[in-house]
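In this chain, numbering begins with 1 at the start of the sequence shown. Everything numeric here is computed off the predicted structure, so don't read it as measured data.
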Amino acid sequence: MALLSRLGAFDEWLASGALALMLAIPLLEIILRPLFGQGIENAPLLVQHLGLILAMFGALLAERGQHLSSLGSGFAAAKNPVIRLGAQHFARASSALLCGMLAQASWTFVASEMEAPRDLAYSLPGWVIQAAMPLGFLLLGLKIASRMNQSVGLRITLALGLPLAGWLFAAHFDGSTLPLWPFALWLAAILFCGAPIFAVLGGLALALFWQEGQPLASVPLSHYQITVNPSLPALPLFTLAGLFFARTGAAARLGALFTALFGSGVTGTAIAAAVLCSFFTAFTGGSGVTILALGGLLLPLLTKAGFPEKRGISLVTSASALGVLIAPSVPLIMYAIIARVPINTMFLAGLLPALVMIACLLLVGGYLNLKNVTVNAAKGPDFSAARTAAWKAKWEILAPFVAIGSLAGGFATPTESAALTALYALLTQHIAHRELDWPLLRRSLAECAEVIGGIMVILGMALGLTNFLIDAGIPDAAIEWVQSILPNKLAFLVALNIFLLLAGALMEIYAAIIVLVPLLLPVALSYGIDPVHFGIIFLANIEMGFLCPPAGMNIYFASAMFGKSIRYVAVSVLPALAAMFCGALIISALPFLATWLPSLF
């Protein structure tokens, strides 16, 4: 429909514009404060609320690209066309209804804010920005419902009717007490029919509040709280910096450098691929982006060195998951926010454990084993070529020092550090390499908005669920129960690693951080485990979820990138999964790996 096409352009410009302002305002603050003694009025608050606009309209972008995360397609991918079509319609209709309910709950929250408005800056009332929540959820419901039929008339009817029905249902029963079990069965059914995770989490949060007869506005309040968190703007800005590098020739320049440093033989190429994938994921914010950006470059290098194709695909797919522990990875920042640990502390804490995970992947995973590998004639390390490659990649090499140095050195806040890194990436790729033109810049902004919007809408719904569980006293009950069955710290650590591995296979990583960290961290503290050490254990295990169906997104990306079946890729990464689990156990047993570097600063 022409209306939806115009809406598509509108949500892209609005989300990209919010992201551009989130980049510009901290940079202006850095310039204006020393010159005039003051900067933009309430600049941090403005940037945080721009994050709300980015979250809602970025989610619309993610829906347009059909990139809203789900727990696999389930019945929506069934071979039987009747089952497949029925599951798709059921999931979409239910998601549109839930979006209507969330929109109504959000409007109730915004209306309460309108009764006692508070200005953000320059006489701009906060409720004007908060109104993006009900509007965004309504538009999400409209767009999801419009996919249910090709007939224009029926599409309009469904697009308007389903969100409206959800709105009226929520308005009528807000404050009432409704049983949980019908909602639980419905939500479980749509989850396995491919409904977006945010809709299922949001629906579950609403159902729990309904069961207690509490106001539904608590759910959008949680969404608002997480999206305007003071540290959160660092997430999209670091992701944007990574996308600037991913969409230009940075990958090829770094690939040439690592290949020259480690040699083009089997061992050297494997080490170069693992290190490059890990660091690239840390900057791009998504291991799937790494597979798409580096897969076509690294797989030919690995096969040329003598790797069988299946083994090469396994290495690229698994190594792309390891960047979670390396600064400035988005999950590291997200854990720091939820656990209330300084971001720079988590940045430092992840470095040694990341090296342990890479070493375990290569050694225990057998990627350095020359058995069954065709050893082709290859050069060893070429330091002359490495110097040449290092000079060409000098701007990319310096990027981590800009990101980590400005933050760890105390020269900038997390948001300012992220803005400086994004500006650095923009200038170096546009001016120094002349590879980032306006169309590519616009595409990078839109892609970043899409990625962050898809993440944030999950985080907001997950936090609503988490807040209910905390208010219900679940963490305290969990401490008592766990301590009654696990007598000591060692037993708890083993159980924790197994549980988190399973959780990573079933939960999207950001939802896992929001839901599980507030529940598990108090239990870990009761066993005397440092919160920084716990965070590294948590992320080291959860990152393995990228390789485990049904939530293992790396498997799906690799399947699409390399033209192989999902089963083929999933089987290929099993040795890597076992090796990474060994690495997680080592990190669990040796706390100093996570705590030593932060203790020096």
Side-chain angles (χ1 to χ4, degrees), residues 177-181 183-184 187-188 200-226 229 231 331 334-342 345-346 349 458-504 506-542 584 588 591 594-595:
T177 302
L178 298 178
L180 177 63
W181 67 266
F183 285 99
L187 294 171
V200 177
L201 289 173
L204 181 57
L206 290 174
L208 289 169
F209 280 102
W210 255 319
Q211 182 190 32
E212 299 296 324
Q214 297 180 19
L216 301 183
S218 300
V219 178
L221 172 61
S222 298
H223 181 56
Y224 172 70
Q225 288 172 337
I226 189 66
N229 184 286
S231 298
M334 200 68 247
Y335 175 83
I337 293 171
I338 299 303
R340 298 181 181 179
V341 176
T345 298
M346 290 306 299
I458 292 174
L459 296 184
M461 299 302 99
L463 187 62
L465 174 61
T466 301
N467 285 343
F468 177 87
L469 296 176
I470 291 172
D471 291 342
I474 300 300
D476 294 333
I479 291 174
E480 293 180 10
W481 180 74
V482 171
Q483 289 185 338
S484 69
I485 61 172
L486 298 175
N488 55 55
K489 181 178 177 179
L490 178 60
F492 171 73
L493 285 172
V494 173
L496 177 67
N497 278 272
I498 295 172
F499 172 77
L500 290 175
L501 176 61
L502 296 174
L506 297 173
M507 296 182 72
E508 200 271 344
I509 185 169
Y510 300 104
I513 293 171
I514 292 289
V515 174
L516 296 180
V517 168
L519 301 180
L520 294 177
L521 181 56
V523 182
L525 292 175
S526 72
Y527 282 93
I529 297 171
D530 186 277
V532 173
H533 183 215
F534 170 77
I536 298 302
I537 297 171
F538 186 95
L539 295 174
N541 280 279
I542 289 294
S588 300
T595 58

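The shortest distance between side-chain heavy atoms of Leu520 and Phe534 falls below 4.5 Å. Between Phe538 and Ile513, some side-chain heavy-atom pair lies under the 4.5 Å cut-off. You'll find the side chain of Gln225 reaches within 4.5 Å of the side chain of Leu221, heavy atoms only.
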*With side chain to side chain contact (heavy atoms under 4.5 Å, CB included) as the test, would you mind laying out the steps for Gln483 and Val523 before giving the verdict?*
CA-CA 8 Å; Gln483 289 185 338; Val523 182; 5.9 Å; no

*So Leu459 and Met334, side chain to side chain contact (heavy atoms under 4.5 Å, CB included) or not? Walk me through it.*
CA-CA 10 Å; Leu459 296 184; Met334 200 68 247; 3.4 Å; yes

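For the residue pair Ala339 and Val517, the shortest heavy atom distance occurs at CB-CG1, 4.4 Å. Here the closest non-hydrogen pair linking Ala594 and Ala349 is O-CB, 3.2 Å. Residues Asn541 and Leu500 come closest through the heavy atom pair CB-CB, 3.5 Å. Residues Gly464 and Ala205 share a closest heavy-atom pair of C-CB, 4.1 Å. In terms of heavy atoms, Asn497 sits closest to Ser588 at ND2-OG, 2.9 Å. Taking all atoms of both residues into account, the shortest heavy-atom contact from Gly460 to Ile226 is CA-CG2, 3.6 Å.
For the atom pair CG of Leu463 and CG of Asn467, the computed distance is 4.5 Å after rounding to the nearest 0.5 Å. The distance from atom CG of Leu469 to atom CG of Leu519, rounded to the nearest 0.5 Å, is 5.5 Å. Distance check: Leu465 CG to Leu201 CG gives 6.5 Å after rounding to the nearest 0.5 Å. In this structure, Leu525 CG and Ile479 CD1 are separated by 8.0 Å, a value rounded to the nearest 0.5 Å.
Here Ala491 pairs with Leu486, Pro487, Asn488 under the side-chain contact (heavy atoms from CB on, under 4.5 Å) rule; sequence neighbours left out. When the side-chain hydrogen bond (donor to acceptor under 3.5 Å, both in side chains) test is applied to Tyr335, no partner is found at least two apart in sequence or on another chain. By the side-chain contact (heavy atoms from CB on, under 4.5 Å) test, Asp530 pairs with Val532, His533, Thr595, sequence neighbours left out. Annotation: side-chain contact (heavy atoms from CB on, under 4.5 Å) contacts of Pro518 (sequence neighbours excluded): Ile338, Thr466, Ile470. With sequence neighbours excluded, the residues satisfying side-chain contact (heavy atoms from CB on, under 4.5 Å) with Asn229 are Ser231, Leu232, Ile337.
Within the structure, ring-ring contact (aromatic ring centres under 6.0 Å, His included) pairs that include any residue of residues 469-501 comprise Phe492-Tyr527 (at least two apart or interchain).
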Side-chain donor-acceptor distances from residues 207-218 under 3.5 Å, at least two apart:
{"unit_1": "Trp210", "atom_1": "NE1", "unit_2": "Phe173", "atom_2": "O", "d": "2.9"}
{"unit_1": "Ser218", "atom_1": "OG", "unit_2": "Pro215", "atom_2": "O", "d": "3.2"}

